Amino acid sequence: MSYLEAQGRGGLLSWLSSTDHKRIALLYLFLLVPLFWVAVSLGFAMRLKHLFAGDFLMSAQTYNALFTVHGVIMIFMFVIPGLPAVFGNFFLPILIGARDVSFPRLNLLSWYFFAAGAALALLSLFTGRGAPDTGWTFYVPFSLRTGTNVPLAVSAAFVLGLSSILTGLNFITTTHRMRAPGMTWHRMPLFVWALYATGWIQVLVTPIIGITLVLVILERLFGIGVFDPAKGGDPLLYQHLFWIYSHPAVYIMIVPAMGAVTEILPTFARRTIFGYRAIAYSSIAIAALGSIVWAHHMFTSGMSDLAGVIFSLFTFLVAVPSAIKVFNWTATLYKGSIDMQPPMLFALAFVFLFCIGGLTGIIQGALGLNIHLHDTYWIVGHFHYVMFGGTGFAFFAALLYWFPKMFGRMVEPKPVFIAWGLMFAGFNLLYGAFLLLGGMGMPRRYYAHLPQFHPGHLAATVGSWLLVAGLLVLFGSLLRALRSGRRAEDDPWGGKTLEWRIPSPPPAENFAEVPVIDAAPYAYNPGRRS
Amino acid sequence: MEREQGHVVEYAVLLRVWAALLVLTALLLAASRLSPALAVLALLTLTPLKAWLVLYFFMHLRYEGLLLKGMVLTALSTLLVFIGMLFLDIGFR
Ligand SMILES: [Cu+2]
């Protein structure tokens, strides 16, 4: 009997009180998908506004609220939790041969915190004196002075952070304590390594944003003065504290995405992963190095020059472990027997788009160039390549890859290929135009634009139409597969990791008998020792 | 599991740790009166030491395995690195 079928009590209550990691993963998915679409619609509306240079469709104040809420929802409620909360929860225990995570009830509590945080964020839009208009970064002093509903939005981010910490803690403990007999560290699938590294980032840096957001609330309510120079405070301290979390948060988003792609490539290239240890350790290296580059967001803020030089250097260094992964993925594909199924196509798009995102990141990490590029559309283009081109495409790759296992149904590939084409073309048109616009000097977060930027804006808006059309086709075919897809076999892709050895969808406790592991994962090449 | 057995820490040990914490607090106060630079240095060195004493004796980290000790030490040293790196900006602005 699969985990989807009722055990004891049926109905919604059995889901909302379930401690089964697989059900909790789906609970997350059912919150994340609608939130994703809300944020997509907001972005879509912003692009529509730029069909005209001046007043169109909405007021400037509404535009400010739109980019703030688009950012807050996408980052805190989709991209950060995305892969760990859905696929981490579902597959981490299965991949290490466990029946659940270490703390199943804490896991459910994390979901409730997440739901509460999302509810608070949505509440902040419709209560108080208007939706927050600070941008997702909540920079002081503006966030202290604006009359809009900043305190509630900030509290929402705080509660979401709590959820993220508990998930990270659970994953770290699970990886240490719950591995099946014979599942040594170097026999773990690389998605597990990625989740483990991510768990550490979540646990170590999320409390810092939590405290910082509390300070913003205290400053607003009581004027305690930590960020106010008149009282001996320092507004730049806010930016430091914010980015000490929010830069590593980029790695909370991208490292699990890299992990998922690392699972997909060997399956569809029919080859053992190349450079297992290099990929595993580079996840840890990214987590460690990525935690000490935060001030590259502040080169134009008036921070000290010495700090600028050092943070710029560290920023270049993070490219090394990221490139290690890209080279190993490429080497895995080399001489493989490549089967271009939809998950593979999305995974390859991830590698390509992430490379553009990463390389543009190095460009803007140079101190001199950053002065020109800071706060322009270039930056917006860059981080959409990382977060959407990277994490977003990896999320869809993972969803397509594991869909047969999670729901026991196959997705019809043809419409997904069409969806991919629309998304890939639309994406590059939209965010490629952003990179060019930014290079030309178009500032971000501006309601109106000058005539010389108009062609770029038009191209970007048309790109957004293609992208959304692709997303609609993709979600349409996923929904159709849920309702009437062909039944999935246990191992439809020929995968070699543990999830493919159990039924689709898996039974409640995953394994009838706890497996004993005696070889490395991805055992495609015969005769390879573990 | 070791921690399930419970550990009785002698009062003498607890009192000595408490005394050490008081001495460290006094040192911190004295340093902050002397000069701001010294205050920062003392804060960065003595406060983690105090935190470690509390964790180690009062919170029974002493009886845990090497793994858990290492994890707590990682968290503590990460915080130190972050605070230390902030001075790259604040100290040289
Ligand atoms: Cu950054």
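What you see is a predicted model, and the numbers here were worked out from it, not measured in a lab. As a basis for the values below, the full set of heavy atoms in this structure was taken, side chains included, without hydrogen atoms, waters or symmetry mates. Chain naming here is simple, since letters A, B, ... match the order of the sequence lines and numbering starts at 1 in each.
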Kindly give the heavy-atom pair with the smallest separation between F82(B) and S291(A), and that separation in Å.
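Result for this residue pair: CE2-O, 3.2 Å.
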Minimum heavy-atom separation for L88(B) and S304(A), please, with both atom names.
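Nearest pair, atom of L88(B) first, then S304(A): O-OG, 2.7 Å.
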Can you tell me which of L236(A), V203(A), L241(A), D305(A) forms the most heavy-atom pairs within a distance under 4.5 Å of chain B?
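Sorted descending by pairs with chain B, the first entry is L236(A).
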Find the distance between [atom1] ([X]) and [atom2] ([Y]) and round it off to the nearest 0.5 Å.
X	Y	atom1	atom2	value
T74(B)	W200(A)	OG1	CH2	5.0 Å
H240(A)	I90(B)	NE2	CD1	5.5 Å
L76(B)	L204(A)	CG	CG	11.0 Å

Is there side-chain contact between L306(A) and R93(B), with heavy atoms separated by less than 4.5 Å?
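L306(A) does not reach R93(B) side chain to side chain.
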With only heavy atoms counted, which part of I310(A) is less than 4.5 Å from chain B, the side chain, the backbone, both or neither?
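Just its side chain gets close to chain B.
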What option among T78(B), L86(B), V81(B), L79(B) has the most heavy-atom pairs under 4.5 Å with chain A?
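It is L86(B).
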More than 12 heavy atoms from other groups under 6.0 Å of CG on L34(B):
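Yes, the 6.0 Å shell around CG holds more than 12 heavy atoms from other groups.
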Answer yes or no: does atom CH2 of W185(A) have more than 12 heavy-atom neighbours from other residues, nucleotides or ligands under 6.0 Å?
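Count over threshold, so yes.
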